[in-house]
Amino acid sequence: RSSHNPELIDAFAAFHPDPNFVRKFLKPLLIGALAPTEPSQDHGKNTALVQDFQALRDHVEREGFLRARLLFFSLYLGHILLLEALALGLLWVWGTSWSLTLLCSLMLATSQAQASWLQHDFGHLSVFKKSSWNHVLQKFVIGHLKGASANWWNHRHFQHHAKPNVFSKDPDINSLHVFVLGDKQPVEYGIKKMKYMPYHHQHQYFFLIGPPLLIPVYFHIQILRTMFLRQDWVDLAWSMSFYLRFICCYYPFFGFFGSVALITQRFIHSFIHWFANLFPTMPRHNYHLVAPLVRTLCEKHGVPYQVKTLQKGIIDVVRSLKKSGDLWLDAYLHK
């Protein structure tokens, strides 16, 4: 059913940069209109905050903060390709000493981290006005430059933005019984005597099985499984082109297994750029312009606005894991 709820309209606008185009596909699905007096799932929300956010979004659109600078993204892609070329060129010209191999690995890791967020921009349709151009460039970056799947990423990431940090809704916090998170899940697990892992030690084993296994192992298995199950042969071809290019380029220097080992370096920086934003289709070069406006809005309505360094963020993650682990242990032993 259609709705006059302003929050739903905001959510719709956040996901669709060209709403008129999308509405053409929604017309056959319309079965009725939700009257303002009918109950909705958004009761209890701060009406003044919603109105102020709508005003902020209107201001953002008027100021052109949702428009991308193509030169910025052209240079962004160019510096990724340059890092890839320089890393290979170092080995061709000066050989494979330990120092040069380490430098090559750092350059490749940097290019991979940058490519992660460039495909993120294309995936959010925040670069080109035509969605098809964004989709093609995303497949090139995430497929040929990273060896992953655009459709797999889009399916996960759009669920994340629809229900951020909501258990059973946001796949980004699906810990697969390896960790217990928040205040409710650990108590739930404890009462049910669920002990897949020693959760009271999860803040300690996080660094051993968290980032080291999440992307290199779990995500790769999930990506390949998804592409085969959905018969997504286009994404599979893009993904395989990455591995073919990488092996062909580095096999003469390190052999097959050495080249595979070099591939793993691309995960060194991949886990450190976690963030969310209120405007998914906004180009990243405008984030700093909107940040003060968002901070002012949050201060007005008493909404916490936090800015943390990487070090502080990691410390907070560890503390949160310890707190959740202690809650689980208490519930497991005494409830």
Checking Ile173, Val180, Leu327 against Gln185 for side-chain contact (heavy atoms from CB on, under 4.5 Å), the one that qualifies is Val180
Answer yes or no: is there a donor N or O on one side and an acceptor on the other, between the side chain of Gln112 and the main chain of Leu108, under 3.5 Å?
no
Over 60° means perpendicular and under 30° means parallel, so classify the ring planes of Tyr189 and His177, tilted if in between.
tilted
State whether a side-chain donor-acceptor pair under 3.5 Å links Asn154 with Gln138.
yes
Taking distance alone, no hydrogens or angles, what donor-acceptor pairs closer than 3.5 Å link side-chain atoms of residues 78-99 to residues at least two apart or in another chain?
from: His79; atom 1: ND1; to: Tyr76; atom 2: O; distance (Å): 2.6
from: Glu84; atom 1: OE2; to: Ser111; atom 2: OG; distance (Å): 2.9
from: Ser97; atom 1: OG; to: Ser99; atom 2: OG; distance (Å): 3.2
from: Ser97; atom 1: OG; to: Leu100; atom 2: N; distance (Å): 3.3

Test item: side-chain donor near acceptor, Arg245 and His144, under 3.5 Å:
yes
Quick one: do Lys312 and Asp316 satisfy salt bridge (Lys or Arg N to Asp or Glu O under 4.0 Å)? Show the steps, please.
CA-CA 6 Å; Lys312 181 65 167 58; Asp316 285 351; 3.0 Å; yes
Yes or no on salt bridge (Lys or Arg N to Asp or Glu O under 4.0 Å) for Arg230 and Asp235, after CA distance, side-chain angles and deciding distance?
CA-CA 10 Å; Arg230 296 181 181 175; Asp235 273 17; over 6 Å; no
Give a yes or no answer on whether the side chain of Gln231 reaches the backbone of Met227 with a donor-acceptor pair at less than 3.5 Å.
no
Give the ring-plane orientation class for His157 versus His160, where under 30° counts as parallel, over 60° as perpendicular and anything between as tilted.
tilted
Under the side-chain hydrogen bond (donor to acceptor under 3.5 Å, both in side chains) test, residues paired with Tyr332 that sit two or more places apart:
none
Who pairs with Lys169 by salt bridge (Lys or Arg N to Asp or Glu O under 4.0 Å), at least two apart in sequence or on another chain?
none
If only side-chain N and O atoms count, and only distance matters, is there a donor-acceptor pair under 3.5 Å linking Asp326 with His200?
no
